[in-house]
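Below is one structure, written out as structure tokens; comments come after it.
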Amino acid sequence: MQKNTSDLLTSKFGISEKVLDLVERAEKKAADRFAHLDDIKAYNQYKVLDVLRECRISDRHFAWNTGYGYDDAGREALEKVYAGVFGTESAIVRPLIVNGTHALTLTLTGVLRPGDEIVYCTGAPYDTLEEVIGIRGEGKGSLKEFGVTYRQVELLEDGSIDLEGVRDAVTERTKMMCVQRATGYGWRKAVTIPQIEEWVKTVKSVRPDIICMADNCYGEFLDTKEPTDVGVDVMAGSLIKNPGGGIALSGGYIAGRQDLIDLISWRMTSPGIGKECGLMFGQTRSILQGFFLAPSVVNGAVKGAILCAAVFEELGYDVCPSSREERSDIIEAVKLGSPEAVIAFCKGIQSAAPVDSYVTPEPWDMPGYDDPVIMAAGAFVQGSSIELSADAPIRPPYTVYFQGGLTYEHSKFGVIRALQALCDSGIVQL
């Protein structure tokens with residue numbers, strides 16, 4: 001770290017020299033991984049640029065529309081861009097998809113029918129999908145209430161997909177098999193693109209008509225390929241995670257086969273209308289610009305995650321994934337071992353924020369979760385997981401999940417402030 005920067009961090013932010021020295025050692029340890037990530041960033045940047053050029057994006061695509069939103073050239077161009085980058089026949093990209101869970105819910109409810117069966121092949125889904133499926137919660141219109149059955153195949157001990165278990169799970173009722181690429185609140189590595197490709201081949205070898213769906217949240221632009229490039233039929237994600245680049249104000253996307261997107265669009269609006277209606281509320285430009293910047297933003301976030309792993313490895317904490325392992329999402333899990341450590345870490349992240357840095361995060365009973373959850377996120381877009389944030393359910397073994405940063409420098413500063421907060425609280429001694 002250059003002297004001017006270290007002097008600023010010590011004088012203005014109260015960061016100790018011992019904290020800065022540890023972070024600098026960890027950064028040097030990760031340098032070769034960073035070079036590999038820069039190549040992925042460049043590839044994806046040019047891939048997005050090529051599609052934007054092919055779609056002949058111009059200023060006219062940023063215009064507002066009103067009423068029903070018929071003939072919105074910007075909306076149609078935006079969805080063509082997403083389909084082009086993700087290598088699919090069609091896509092839905094809308095600001096009124098409120099989050100990743102909503103995008104996934106539309107996908108599941110749009111395609112599945114009474115009597116169908118859905119199988120998750122990466123163990124239990126993310127917490128907020130449990131009520132959607134019907135694993136918990138009653139009387140809320142879950143898939144279970146509409147006669148869709150659910151099963152799951154646990155991951156193997158090494159965190160890989162149990163392909164033999166996947167084969168055995170197929171029944172005559174199986175309509176859709178799913179993978180969740182990111183870790184969620186689990187202790188496992190994210191599922192990689194080569195693993196997803198092998199999973200798709202396995203599923204299709206048993207029954208080619210089974211629909212393969214991927215929850216792609218936190219995974220966009222981590223590789224030169226996306227799940228739909230290796231055979232996944234449909235995938236979904238959130239615009240305030242990776243693909244929004246920190247600029248999209250809200251929204252979600254679904255990309256895949258034309259027939260599946262048609263079904264999902266009829267659930268999104270109504271049968272017979274589908275994608276033909278729906279206002280963008282002036283967000284077309286920001287969503288496109290965010291998508292253009294996303295490869296660079298994701299690059300900074302994943303570098304920050306690797307730095308976080310390297311720092312806490314140095315301190316003897318269990319981390320997942322390690323600083324040396326291949327990555328397929330932007331999340332870094334650190335097993336801190338106590339609620340006090342989790343809260344101190346999150347307070348450090350909050351204090352590093354450009355927005356609401358003076359706020360003190362506390363655990364609370366969030367809708368959709370079984371345990372109290374603490375969330376640190378001082379973001380320009382509320383709840384934006386591609387911006388610097390950390391969150392954790394307050395339950396043993398007290399693992400915190402670190403992610404995001406619109407620039408590498410900010411993600412790095414989050415690691416610095418989190419470590420300083422742990423030192424100030426007496427939990428870590430350097």
Side-chain angles (χ1 to χ4, degrees), residues 45 47-86 88-107 110 216-217 220-221 235-256 258 261-298 354-355 377 379-387 406:
Q45 184 66 82
K47 179 169 72 171
V48 173
L49 177 60
D50 179 54
V51 174
L52 288 166
R53 292 170 67 249
E54 286 294 320
C55 291
R56 302 174 67 87
I57 299 300
S58 72
D59 187 69
R60 72 184 181 88
H61 292 121
F62 307 151
W64 271 74
N65 206 332
T66 58
Y68 299 117
Y70 285 128
D71 303 318
D72 187 328
R75 185 189 65 217
E76 292 172 4
L78 168 64
E79 293 180 337
K80 187 176 179 182
V81 166
Y82 262 71
V85 170
F86 291 147
T88 62
E89 294 174 347
S90 187
I92 297 170
V93 188
R94 302 295 169 103
L96 289 180
I97 297 177
V98 302
N99 53 26
T101 299
H102 187 194
L104 290 161
T105 301
L106 287 173
T107 303
N216 206 34
C217 289
E220 297 88 356
F221 301 124
M235 68 180 185
S238 166
L239 298 191
I240 61 172
K241 295 182 174 67
N242 298 18
I247 293 182
L249 299 180
S250 67
Y253 77 89
I254 306 161
Q258 184 68 61
I261 294 299
D262 287 344
L263 288 170
I264 295 161
S265 74
W266 296 330
R267 172 64 60 181
M268 179 181 69
T269 57
S270 69
I273 294 178
K275 292 175 58 178
E276 298 304 313
C277 287
L279 291 185
M280 296 300 293
F281 298 98
Q283 287 199 48
T284 307
R285 183 199 59 78
S286 60
I287 293 173
L288 279 168
Q289 188 174 15
F291 200 49
F292 176 69
L293 295 174
S296 181
V297 173
V298 170
V355 179
F380 291 101
V381 175
Q382 191 179 85
S384 172
S385 301
I386 191 58
E387 299 187 54
L406 297 181

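We use all heavy atoms of the structure for the numbers below, so side chains are in, but hydrogens, waters and symmetry mates are not.
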Would you give the length of the straight line joining atom [atom1] of [X] to atom [atom2] of [Y], rounded to the nearest 0.5 angstrom?
X	Y	atom1	atom2	value
Leu263	Leu106	CG	CG	12.5 Å
Gln283	Phe62	CD	CZ	14.0 Å
Cys55	Asp50	SG	CG	9.5 Å
Leu96	Ser250	CG	OG	7.0 Å
Leu52	Gln289	CG	CD	11.0 Å
Leu279	Thr284	CG	OG1	10.0 Å

On the 0 to 90° scale, with breaks at 30° and 60°, tag the [X]-[Y] ring pair as parallel, tilted or perpendicular.
X	Y	answer
Tyr82	Tyr253	tilted
Phe221	Phe291	tilted
Tyr70	Tyr68	tilted

- Would you check, one step at a time, whether the test side chain to side chain contact (heavy atoms under 4.5 Å, CB included) holds for Lys47 with Val85? CA-CA 7 Å; Lys47 179 169 72 171; Val85 170; 4.2 Å; yes
Looking only at non-hydrogen atoms, find the nearest pair between [X] and [Y] and report the distance.
X	Y	result
Cys217	Gly237	SG-CA, 3.8 Å
Val93	Glu79	N-OE2, 2.9 Å
Ala236	Thr107	CB-OG1, 3.9 Å
Cys277	Thr269	O-CG2, 4.4 Å
Ala248	Leu239	CB-O, 3.8 Å
Pro243	Ala294	O-CB, 3.8 Å

Heavy atoms, side chains only, cut-off 4.5 Å: are [X] and [Y] in contact?
X	Y	result
Ile254	Met268	no
His61	Arg56	no
His102	Asn99	yes
Ile261	Glu89	no
Leu249	Pro95	no
Asn65	Arg75	no
Ile386	Leu406	yes

- Message: Closer than 4.0 angstrom, basic N to acidic O: yes or no for Lys275 and Glu76?
- Response: no
- Please step through side chain to side chain contact (heavy atoms under 4.5 Å, CB included) for the pair Ile92 and Ile97, ending with a clear verdict. CA-CA 10 Å; Ile92 297 170; Ile97 297 177; 4.2 Å; yes
- Query: Going by distance alone, is a donor N or O of one side chain under 3.5 Å from an acceptor N or O of the other, for Gln45 and Ser296?
  - Reply: no
- Message: Show, in sequence, the C-alpha distance, side-chain angles and deciding distance for Met280 and Leu78, and conclude whether the side chain to side chain contact (heavy atoms under 4.5 Å, CB included) test is met.
- Response: CA-CA 10 Å; Met280 296 300 293; Leu78 168 64; 3.5 Å; yes
- Who are the salt bridge (Lys or Arg N to Asp or Glu O under 4.0 Å) partners of Asp262, not counting sequence neighbours? none
- Derivation of the side chain to side chain contact (heavy atoms under 4.5 Å, CB included) call for Val381 and Glu387: CA-CA 8 Å; Val381 175; Glu387 299 187 54; 3.6 Å; yes
- Item | Backbone N/O of Ile240 and side chain of Ser384: donor-acceptor pair under 3.5 Å | yes
- Message: Are there over 12 heavy-atom neighbours, none belonging to Gln382, within less than 6.0 Å of that residue's CD?
- Response: no
